[in-house]
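Start at 1 and go down the list; that is how both ligands and their atoms are numbered. Residue indices begin at 1 and follow the sequence shown.
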Amino acid sequence: MAIQAVRGVKDILPEDMPKWHYVERIARRVLETHGYQEIRTPIFEKTALFTRGIGETTDIVEKEMYTFADKGGEMLTLRPEATAAIARAYTEHKLYFPPGVFKVYCIGPMFRYERPQAGRYRQFYQIDAEALGSSSPYIDAEIIVMLITLLHELGLEQLALHLNTLGDAQCRPLYREELRRFLGAHLSRLCPDCQGRYERNPLRILDCKNPQCQQILTTAPTVQDYLCPACRQHFETVLQLLTAVDVPYVLDARLVRGLDYYTRTTFEILAPGLGAQNAVVGGGRYDGLVEAIGGPSTPGIGFAIGMERLIALLEEKGVVFPSPQPMVFLAALGEQAQTKAFQLVCTLRRLGIAIEMEYEPKSLKSQLRRANKLGVRYTLILGEDELSSGKIVIKEMQGEGQERIDLSQVVPFLQQKLALV
Ligand code: AMP
């Protein structure tokens with residue numbers, strides 16, 4: 001039997017590429033307009049980066065990492081997310097010089113050993129943006145506004161921005177204890193996962209999807225009541241700034257992120273249309289991360305957009321994706337014409353015109369069939385007759401139009417028709 005792709009991973013076929021290019025093109029434009037530059041970190045890192053940076057008690061580290069020993073015995077992990085790797089690069093290359101905010105984005109695949117289902121894969125793509133070096137609430141607002149602008153530019157205006165604050169190292173431990181005390185009284189009714197989380201990471205219980213856990217949580221204390229004055233002030237400023245630039249939000253006291261390094265502002269974009277896997281974007285502040293992986297104490301904030309889910313939403317909304325540059329086909333008849341056609345094809349391609357020809361001798365009918373299949377706008381026909389008279393036939397594929405023009409006129413003709421000049 002032929003070997004198939006691994007469970008939970010997907011090929012992105014050429015026919016789907018216009019969607020991915022559309023998203024990537026707009027993302028680059030919007031992110032760069034906001035001063036974020038691209039960074040590419042390796043696909044794999046030392047395992048310790050993620051165990052330290054993401055946290056031992058998170059689902060990612062406990063259950064989902066693709067970890068292996070390489071031939072030298074070093075423990076490596078395929079990156080499950082980009083933030084820890086960017087923080088590592090920031091520290092390693094001392095990107096905190098010159099002082100100021102370091103703003104980057106990264107587009108690429110992530111790997112998590114999760115149970116595959118619609119919208120959840122083991123290799124998936126993210127657009128990730130991070131700002132390191134500032135604890136100003138303006139940066140929180142900037143990155144959220146940038147995200148909303150990007151979604152609008154893509155044609156997605158109606159998505160709900162859910163927002164919360166998690167407090168910081170000062171006030172979160174108090175809340176954690178209070179939450180644990182509350183949950184302790186209901187321990188036997190929590191789902192088995194949450195019973196495990198109760199000891200290791202009680203905050204994670206807040207976003208459990210189990211209906212009985214949700215029911216118990218309706219009366220749980222919220223972090224809002226435990227915020228220290230600095231965290232409260234920070235959050236209020238973020239909310240004021242978002243209001244000042246007309247970005248609506250939904251306050252969601254139960255929104256916690258799976259990763260340990262999150263502090264203060266945390267947010268998600270939810271899309272009801274996506275079913276169970278309805279989170280399209282997750283993000284937040286992580287003021288403890290850089291230090292946790294051995295760098296200088298550095299505040300940071302970022303988000304990650306899941307590209308498969310984003311594209312599913314665009315499809316559902318009926319967004320029209322721009323098609324690639326129209327193509328031309330050159331049908332050659334006879335050996336001599338074939339050589340001349342090859343020269344012409346090479347010249348046209350050098351000039352940026354997308355053109356195809358058949359290298360095996362084929363009848364005109366079969367070549368026109370191929371041209372139709374490619375969906376080309378024009379087919380050039382070069383036979384022995386045309387060759388001896390220095391002419392070429394140009395056939396318009398949508399409609400009946402067909403004309404003979406001088407071979408020397410092919411380039412300007414196509415450049416004009418394809419609006420390349
Ligand atoms: P996270 O890094 O967990 O905050 O995830 C950020 C975004 O990445 C989510 O909102 C999803 O859109 C996407 N995502 C996370 N895990 C997966 C997965 N296994 N398959 C597809 N998309 C995912």
With respect to atom 13 (C) of ligand 1, which of P116, G306, G284, A312 exhibits the smallest heavy-atom separation?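 Result: the heavy atom closest to atom 13 (C) of ligand 1 is in G306.
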Residue selection (non-hydrogen contact nearest atom 10 (O) of ligand 1) among G119, A279, G8: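 The residue whose heavy atom sits nearest atom 10 (O) of ligand 1 is A279.
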Going through the checks in order, is the side-chain contact (heavy atoms from CB on, under 4.5 Å) test met by K63 and R112? CA-CA 9 Å; K63 308 188 246 184; R112 295 184 197 170; over 6 Å; no
Distance only, no hydrogens: is a donor on one side chain within 3.5 Å (strictly under) of an acceptor on the other, for [X] and [Y]?
X    : Y    : answer
T83  : E130 : yes
R120 : Q117 : yes
E177 : Y226 : no
T165 : T265 : no

Show which atoms of ligand 1 fall inside a sub-4.0 Å distance from at least one heavy-atom site of E114.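 Going through ligand 1 atom by atom, the ones under 4.0 Å from E114 are 16 (N), 17 (C), 18 (C), 19 (N).
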Numbering as shown, the atoms of ligand 1 that approach V281 to under 4.0 Å (heavy-atom distance):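 Every atom of ligand 1 under 4.0 Å from some heavy atom of V281: 10 (O).
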Cation-pi between R122 and Y113: NZ/CZ under 6.0 Å from ring centre and within 45° of the ring axis?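 R122 over Y113 ring: yes.
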Does R180 make a cation-pi contact with Y198, if we ask for NZ or CZ under 6.0 Å from the ring centre and within 45° of the axis?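 Checked: cation-pi criterion met.
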Can you check whether [X] has an N/O within less than 3.5 Å of an N/O in ligand 1?
X    : answer
E81  : no
R112 : yes
Y121 : yes
F124 : no

At under 4.0 Å between heavy atoms, which part of E268 makes contact with ligand 1: side chain, backbone, both or neither?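 For E268, there is no contact with ligand 1 at all, from either part.
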